[in-house]
Asks: 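The structure under discussion is supplied below as structure tokens; questions concerning it will follow.
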There are 2 protein chains.
Amino acid sequence: MPKTDSDLNVSREATSLRLLVENRLRSAIGSGLFKPGQRLIERELCEQTGVGRTSIREALRQLEAEGLVTTIPHRGPIVSTITADEAAQLYDLRALLEGFAGRECAKRRDPAIIGRLRTQYERMVAVAGNDDRSELLAAKTEFYAALLEGCGNVFVERFLKMLLNRVTVLRMTSMTQPNRIGRSLQEIGGILVAIESGDEDGAEQACVQHINNAAAIALDALRRGET
Amino acid sequence: MPKTDSDLNVSREATSLRLLVENRLRSAIGSGLFKPGQRLIERELCEQTGVGRTSIREALRQLEAEGLVTTIPHRGPIVSTITADEAAQLYDLRALLEGFAGRECAKRRDPAIIGRLRTQYERMVAVAGNDDRSELLAAKTEFYAALLEGCGNVFVERFLKMLLNRVTVLRMTSMTQPNRIGRSLQEIGGILVAIESGDEDGAEQACVQHINNAAAIALDALRRGET
DNA sequence: TCTGGCCGATTGTCAGACAATCTGTCAAGC
DNA sequence: GCTTGACAGATTGTCTGACAATCGGCCAGA
């Protein structure tokens, strides 16, 4: 990211209402407050958010483009559901892209990125034992954010973000398996080491393997459960 | 695709106005009618299309999500420009995804898909000599469409479509090089053969190589030209 | 030449309105 | 009882008009 000389970045959070709504809805869906399949009725959203229908609708169009919601004509938007089949495809693609990202990170070895990766990894190790998983999840999210930025490809970054939004709910499932955490951490550590040592093939493989393992668990739970 | 018993598919083209506008704008940008960097003023679009601002704005949000237009706050949307650097990243990702698609096609060997690929390839060969390139381009587009569908991964398909929309203008450039056509056809033939014979590695390699070659030319032209 | 302020253009957002369309229900008919 | 048809309510899709906020450029003044 182009860092300004001195940090005079007037954050310009003055984002439009539409963007605020968009982010709210995104996190509402990601956090499970809005469940897959649930209808999102415009007027209700207007009341809940206090903004006009215009802004709501435009935000919904954006989320629709990202695949988070699906609009049924003359019926309105619903939170997208995902079949086991699609989930498998999603994980396939994610493995491909994250493998690429891992490889690129290892190739570039940007110290700033590596620093962030290591920080988050250590944070994950530190809080792994907590009952409250939220911080673990936060650390993992940050870890991935660094990985995506580090790959130096804005398209990969954008696409992976979209994919991650869609698996968030599934990821909760797979993280719930208690004894998965240990293995997961181990795998992530492997990714970190490979990147730090510039081992491109190793980093790619580690990323792919990590996703595949997570996918196996998530898909299993998904098939066992419903929808 | 789930084919209905008898072909009673009432095409239900009755898509919403918003979708019509969206497609119009997409092709207007893809065809170069709207040039990169050009401002898209809502009211003008309203006049040109004859629809209200509501529909225009929602369509723009969609295109924005796809990356085709970029909205500058309080300034309005412009047709997205692309730097040489970003173009390189775009081609990198495209190579990755199309390599994946090629591999999957070779793995699955769906006769319907292979038939379509071959048909379009032969069509390309047939019209390669024409002065008018439009049919060649159309055939190539169809070829790719079949390749994307054949990979059996809706996410890969969707993402690649987005990427293709963004390179369309660049692709024109690279196709303009006259003696590139021969090589290009040869490469595409290679892809087809590999898929038909189920050679996964070969198909992937052929796809990647094809994109890399196209990228080299396009990027060269881009750097030589402007922006 | 640089500074500051004004003005037009355009977006961002809202409220209200209306037709088109979908869904569920309920009565009528076999 | 089960199917058919019609009606009513709910909700979207779209338009219109409106207004404040903001951006860019122009022009006067130092």
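Just so we're on the same page: letters track the sequence lines, and every chain starts at 1.
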Asks: Taking only residues two or more places apart in sequence, or in another chain, which ones meet B:Lys107 in a side-chain contact (heavy atoms from CB on, under 4.5 Å)?
Replies: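 Result, side-chain contact (heavy atoms from CB on, under 4.5 Å) vs B:Lys107: B:Glu104, B:Glu200.
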Asks: Distance alone, cut at 3.5 Å: any donor-acceptor contact between the side chains of B:Gln62 and B:Glu66?
Replies: yes
Asks: So, using side-chain contact (heavy atoms from CB on, under 4.5 Å) as the criterion, who are the partners of A:Arg75 when residues are at least two apart?
Replies: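 Per chain and number, A:Arg75 pairs via side-chain contact (heavy atoms from CB on, under 4.5 Å) with A:Arg39, A:Ile72.
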Asks: Rounded off to whole Å, could you give me the CD1-to-C1' distance for the B:Ile78 and C:dT10 pair?
Replies: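 Rounding to the nearest Å, CD1 of B:Ile78 and C1' of C:dT10 are 15 Å apart.
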Asks: Please determine if B:Arg94 forms a cation-pi arrangement with B:Tyr144, meaning its NZ or CZ atom is less than 6.0 Å from the six-membered ring centre and no more than 45° off the ring axis.
Replies: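 Verdict for B:Tyr144: a cation-pi partner in B:Arg94.
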Asks: For A:Ser80, check side-chain contact (heavy atoms from CB on, under 4.5 Å) against everything at least two apart and list the hits.
Replies: A:Thr70, A:Arg166
Asks: Would you tell me whether B:Asp132 and B:Ser134 have side-chain atoms, one donor and one acceptor, within less than 3.5 Å of each other?
Replies: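 Checked: B:Asp132/B:Ser134 side chains pair up, N/O donor to acceptor below 3.5 Å.
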Asks: May I have the distance from B:His74 (atom NE2) to D:dT22 (atom C1'), rounded to whole angstrom?
Replies: 5 Å
Asks: Please report, rounded to the nearest Å, how far the P atom of C:dT11 is from the CZ atom of A:Arg18.
Replies: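 These atoms are roughly 12 Å apart.
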Asks: Return the set of residues passing side-chain contact (heavy atoms from CB on, under 4.5 Å) with B:Arg53 (not counting sequence neighbours), or none when no residue passes.
Replies: B:Glu42, B:Cys46, B:Arg57
Asks: Using a cut-off of strictly less than 4.0 Å between a heavy atom of the residue and any atom of DNA chain C, enumerate the qualifying residues of residues 40-61 of chain B by number.
Replies: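 Per residue number, the list reads B:Leu40, B:Ile41, B:Glu42, B:Arg43, B:Arg53, B:Arg57.
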Asks: Could you list, one pair per line, each protein nitrogen or oxygen that sits under 3.5 Å from a nitrogen or oxygen of nucleotides 24-26 of chain D, together with the distance?
Replies:
none

Asks: Measure from the side-chain N and O atoms of B:Ser55 to the backbone N and O of B:Val51, and report whether any donor-acceptor pair falls under 3.5 Å.
Replies: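 No.
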